[in-house]
Peer 1: 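I'd like to ask you about the structure that follows.
FYI, the numbering just counts along the sequence from 1. None of the values given here were measured: they were computed from a predicted structure.
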Amino acid sequence: MTRMSDLYPTEAELGRLRAVASGTELPDLIVRGGLVQSPGTDEFLERDVVIAGRHIATLTPWNHFAAATEEIDATGQYVVPTFIDAHLHIEYTNLTPGELARVSVARGTTTVLTDPNGAANVWGPTGMDFLLSTETPLHVFQQVSPTTPGAPALERGGAVIPEDVVRARLLDDVTTNLGESNPFDYGEASTGRFRAALAAGRRLTGHTAAQTHESLWGYLAAGIGDDHNSATVDEALERVRLGAMITIMGSSLTDNTIPLFADLEAIAPAFGSMCFCADDKHVLDLATEGHIDHHVRQAIRFGVEPGLAYRMATAHAAKYYRLDQVLGLLAPSRLADLQLIPDLADVRPSVVIVAGGVAARDGVAAFANNDPVPDWALDTVHLPERLDPSMFALPVPADTGATVRVRAMEMYRGYFKRAFEAQLKVVDGLVQADTDDDVLKIAVVDRHHGDGQVGLGFVKGFGLSRGAIAITMNCPNMNIAVVGGNDPDMLLAVEELRRMGGGFVTVADGEVLARVPLPVGGMMSAAPFEETAEALRQGHAATAALGCTIPSPYIILSFVGLYVVPDLGVTELGLIDALTQSFVDVLVPGPVDPCGHDGEQA
């Protein structure tokens with residue numbers, strides 16, 4: 001577990017740092033001959049990085065000190081801090097922290113700020129600590145999950161974490177900020193929690209859900225200080241002009257680096273208030289596209305000055321989250337977390353150093369993941385002994401005709417959902433999905449309490465012509481979510497998840513076509529990340545063969561149910577209007593109007 005107090009130099013280390021910097025003791029390591037990103041000016045300087053133990057002793061002109069115990073030649077390369085992910089849910093990488101380290105540290109991301117809300121829902125505080133712990137060279141800081149379950153009136157979820165536990169965690173030495181909260185919650189409990197975070201000196205992470213004007217103002221007035229949802233220049237500028245930090249999201253849901261950097265002249269006023277986050281990025285994208293290195297490449301590709309792009313990935317986040325006395329810049333007494341970059345635009349480190357030791361070379365981790373997985377982290381999918389397709393049935397009143405109107409949601413801009421009404425057939429008194437018009441049934445099935453409680457809805461955007469896909473990662477409660485065109489295949493998908501102990505599955509015509517086993521909490525795998533990435537690749541391919549047009553369908557399915565993103569959501573208890581935070585009937589009459597958030601269809 002990454003405790004801030006453990007990262008500062010001890011008294012003995014400070015004494016040795018001063019001795020090495022003043023030339024009276026031999027350095028442990030000198031990174032020699034590189035162009036070092038200045039910690040305080042917009043320059044790359046001809047400097048050697050002089051290291052004593054875990055920390056940087058000083059920066060000197062090239063070859064000022066003649067010798068060290070060890071040297072690394074940085075000639076012709078740039079020396080920059082390692083990257084910081086300002087907001088990540090480790091669960092959605094589908095990797096345990098140690099396996100995440102193997103894929104991400106090698107690409108230069110060595111610090112993550114994680115909101116373990118999935119682990120909180122499955123295991124409670126013990127699970128949150130599990131997500132914060134690794135013996136690998138990855139710094140993991142906590143963004144305290146505000147409420148578990150997220151909205152007790154709208155879902156049961158799994159574990160229940162008392163308010164006093166949440167507030168106590170705000171004082172933990174591993175904590176940087178309060179995690180993302182429901183922007184539509186104006187209750188006393190949330191207001192008191194915001195106040196407690198402010199009093200503890202913690203930042204408050206925002207999930208602003210495309211709000212604007214009064215709705216946004218009311219959220220930021222609670223002390224919310226950053227936003228990872230901004231997907232347009234106007235959204236980003238509105239927030240920055242109100243004092244917020246934009247943590248640009250490049251996830252498997254949507255890549256906001258593209259719309260935000262496409263018009264540099266328009267977005268330039270916000271440059272000083274930008275850092276980067278992956279938020280929800282699965283292992284396949286991490287392994288192929290990259291982690292925070294992807295953001296830096298994108299920024300430079302669109303024309304951002306390279307030094308600024310690297311500061312967005314390092315110093316900007318460190319300073320905003322009050323980590324800069326420890327990491328995020330190359331300066332005396334800071335951790336020796338640095339990387340050698342042969343080509344600033346390519347962003348592929350030749351060497352990654354964490355706390356003074358080489359952690360990766362040429363994109364390959366120099367360490368193994370030996371983190372244990374406790375027995376209690378397994379076997380977390382609890383369903384009734386017998387399931388029946390009728391659990392997905394949506395009956396209509398006896399006097400209903402051959403069709404009925406239903407409330408449905410259409411996916412757009414990643415995980416946003418636009419409410420609309422669909423006319424669906426009724427067969428034997430039950431509402432049917434319409435694969436021809438891509439209006440599929442979605443069900444959220446409880447997997448925590450063993451009773452199989454089911455909430456139903458309809459969704460457009462997946463494009464399945466047949467079959468079903470299912471996951472054990474409905475956000476935020478980590479229940480089962482299954483979408484499909486017929487009830488028997490939906491049932492088969494849920495049964496297969498039970499057999500696997502959690503994960504992702506694609507089925508069609510009574511056959512299982514692809515499996516992605518995630519036995520750790522039904523969210524993660526401790527297998528080598530290469531294996532999980534390959535399983536995910538095969539799962540995506542099998543789902544695409546059924547007509548699905550979404551590149552990452554499993555992770556998008558995770559967020560169809562999310563009820564804090566307009567317009568609709570669904571939990572195991574039913575369909576929810578995100579704006580009013582209340583249940584609504586799937587069957588019309590009584591339309592639910594869209595909340596006014598436009599965007600392109602996914």
Side-chain angles (χ1 to χ4, degrees), residues 2 80-115 131 134 136-141 143 228 247-258 261 274-301 309-318 321 323 327-328 337-341 343-354 359-367 369 524-525 528-530 532-533 536-537 552 555:
T2 308
V80 300
T82 51
F83 301 137
I84 300 169
D85 186 332
H87 177 67
L88 178 72
H89 301 284
I90 290 178
E91 303 93 321
Y92 284 93
T93 70
N94 304 133
L95 301 174
T96 56
E99 280 307 302
L100 172 62
R102 287 189 58 242
V103 67
S104 293
V105 169
R107 289 156 176 77
T109 299
T110 64
T111 298
V112 298
L113 279 57
T114 187
D115 180 344
L131 264 290
T134 179
T136 62
L138 178 69
H139 308 308
V140 184
F141 292 101
Q143 298 180 319
H228 57 275
T247 51
I248 300 175
M249 179 174 69
S251 75
S252 296
L253 303 174
T254 187
D255 187 353
N256 291 338
T257 65
I258 298 171
F261 288 133
M274 285 183 163
C275 59
F276 299 139
C277 78
D279 191 14
D280 302 293
K281 193 164 192 174
H282 58 62
V283 54
L284 182 58
D285 283 348
L286 288 169
T288 56
E289 185 179 78
H291 198 157
I292 300 302
D293 54 310
H294 166 73
H295 294 71
V296 179
R297 269 191 299 277
Q298 287 285 79
I300 295 173
R301 181 171 73 88
Y310 279 86
R311 287 196 301 278
M312 289 178 178
T314 57
H316 285 194
Y321 292 102
L323 297 170
L327 47 78
D337 289 3
L338 55 96
Q339 53 186 322
L340 279 59
I341 306 288
D343 182 337
L344 283 179
D346 196 38
V347 204
R348 300 185 195 279
S350 63
V351 179
V352 178
I353 295 172
V354 179
R361 290 187 183 272
D362 298 321
V364 178
F367 57 90
N369 168 32
M524 297 168 287
S525 173
F529 77 81
E530 297 90 344
T532 307
L536 194 54
R537 185 194 66 76
S552 294
I555 198 168

Peer 1: Distance only, no hydrogens: is a donor on one side chain within 3.5 Å (strictly under) of an acceptor on the other, for Asp115 and His89?
Peer 2: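 His89 and Asp115 do not have a side-chain donor-acceptor pair below 3.5 Å.
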Peer 1: Ignoring hydrogens and angles, tell me if any N or O in the side chain of Ser104 forms a donor-acceptor pair with the backbone of Thr109 under 3.5 Å.
Peer 2: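 Answer holds: no.
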Peer 1: Under 3.5 Å, side chain of Arg107 to main-chain N/O of Val347, donor-acceptor pair present?
Peer 2: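 Not a single qualifying donor-acceptor pair exists.
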Peer 1: Is the side chain of His295 donor-acceptor paired with the backbone N or O of Cys277 at a distance under 3.5 Å, no angle test?
Peer 2: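 Pair found, side chain donor or acceptor close to backbone of Cys277.
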Peer 1: Output the distance between atom CG (Asp362) and atom CG (Leu340), rounded to the nearest 0.5 Å.
Peer 2: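 Reported to 0.5 Å precision, the distance equals 10.5 Å.
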Peer 1: In chain order, what residues pass the side chain to side chain contact (heavy atoms under 4.5 Å, CB included) check against Arg301, with sequence neighbours excluded?
Peer 2: Gln298
Peer 1: For Ser252, enumerate each residue passing the side chain to side chain contact (heavy atoms under 4.5 Å, CB included) test, keeping only those at least two apart in sequence or located in another chain.
Peer 2: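 So Ser252 forms a side chain to side chain contact (heavy atoms under 4.5 Å, CB included) with Lys281, His282, Asp285, Ser552, Ile555.
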Peer 1: The criterion is side chain to side chain contact (heavy atoms under 4.5 Å, CB included); which residues satisfy it with Thr111, sequence neighbours excluded?
Peer 2: Ile84, Leu113, His139, Phe141, Leu327
Peer 1: Taking atom CG of Leu323 and atom OG1 of Thr314, what is their separation to the nearest 0.5 Å?
Peer 2: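 Nearest 0.5 Å value for the CG-OG1 distance: 12.0 Å.
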Peer 1: Is the closest side-chain heavy-atom distance between Met524 and Glu99 below 4.5 Å?
Peer 2: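 Of all side-chain heavy-atom pairs linking Glu99 with Met524, none is under 4.5 Å.
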Peer 1: Are the side chains of Phe529 and Leu286 in contact, using a 4.5 Å heavy-atom criterion?
Peer 2: no
Peer 1: Tell me, do Thr247 and Tyr321 make a side-chain contact under 4.5 Å, heavy atoms counted?
Peer 2: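 Yes, side chains in contact.
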Peer 1: Within a strict 4.5 Å, meaning less than it, do heavy atoms of the Phe276 and His294 side chains meet?
Peer 2: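 Sidechains of His294 and Phe276: no contact.
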Peer 1: Could you tell me the separation between the CG atom of Leu138 and the OG1 atom of Thr2, rounded to the nearest 0.5 Å?
Peer 2: 7.0 Å
Peer 1: How long is the straight-line distance from OG of Ser350 back to CD1 of Ile341, given to the nearest 0.5 Å?
Peer 2: 7.0 Å
Peer 1: What is the distance from atom CG of Asp280 to atom CG of Asn94, rounded to the nearest 0.5 Å?
Peer 2: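 One finds 10.0 Å between CG of Asp280 and CG of Asn94.
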Peer 1: Go through it in stages, so that I can follow the logic: the residues are Arg102 and Glu530, the test is side-chain contact (heavy atoms from CB on, under 4.5 Å), and I'd like the CA-CA distance, side-chain angles, deciding distance and then a yes or no.
Peer 2: CA-CA 10 Å; Arg102 287 189 58 242; Glu530 297 90 344; 3.0 Å; yes
Peer 1: Could you check whether any side-chain heavy atom of Thr136 comes within less than 4.5 Å of a side-chain heavy atom of Leu100, counting everything from C-beta outward?
Peer 2: no
Peer 1: Which residues satisfy the side chain to side chain donor-acceptor pair (under 3.5 Å) test with Tyr310, sequence neighbours excluded?
Peer 2: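 Once residues adjacent in sequence are excluded, Tyr310 has no partner under the side chain to side chain donor-acceptor pair (under 3.5 Å) criterion.
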Peer 1: So do the side chains of Arg348 and Arg297 get within less than 4.5 Å of each other, counting heavy atoms only?
Peer 2: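 Result yes, sub-4.5 Å side-chain heavy-atom pair found.
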Peer 1: Please list, chain by chain and in numerical order, all residues satisfying side chain to side chain donor-acceptor pair (under 3.5 Å) with Asp85, sequence neighbours excluded.
Peer 2: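 Once residues adjacent in sequence are excluded, the partners of Asp85 under the side chain to side chain donor-acceptor pair (under 3.5 Å) criterion are His291.
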Peer 1: Provide the closest heavy-atom pair for Ile300 versus Ala309 in the form atom of the first, atom of the second, distance.
Peer 2: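 It is CG1-CB, 3.8 Å.
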Peer 1: Looking only at heavy atoms, what is the nearest atom pair of Ala365 and Ala360, with distance?
Peer 2: CA-CB, 4.0 Å
Peer 1: Could you pull out all residues at least two apart from Ala366 that satisfy side chain to side chain contact (heavy atoms under 4.5 Å, CB included)?
Peer 2: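 Once residues adjacent in sequence are excluded, Ala366 has no partner under the side chain to side chain contact (heavy atoms under 4.5 Å, CB included) criterion.
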Peer 1: Distance from Asp279 atom CG to Ile248 atom CD1, nearest 0.5 Å?
Peer 2: 13.0 Å
Peer 1: State, with a plain yes or no, whether a side-chain heavy atom of Leu338 is found less than 4.5 Å away from one of Pro81.
Peer 2: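 The answer is no, as the side chains (C-beta and beyond) never meet within the 4.5 Å cut-off.
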Peer 1: Can you find a pair of side-chain heavy atoms, one from Thr96 and one from Asn369, that are under 4.5 Å apart?
Peer 2: yes
Peer 1: For Thr93 and Leu88, work out which heavy atoms get closest and say how close.
Peer 2: CG2-CD1, 4.1 Å
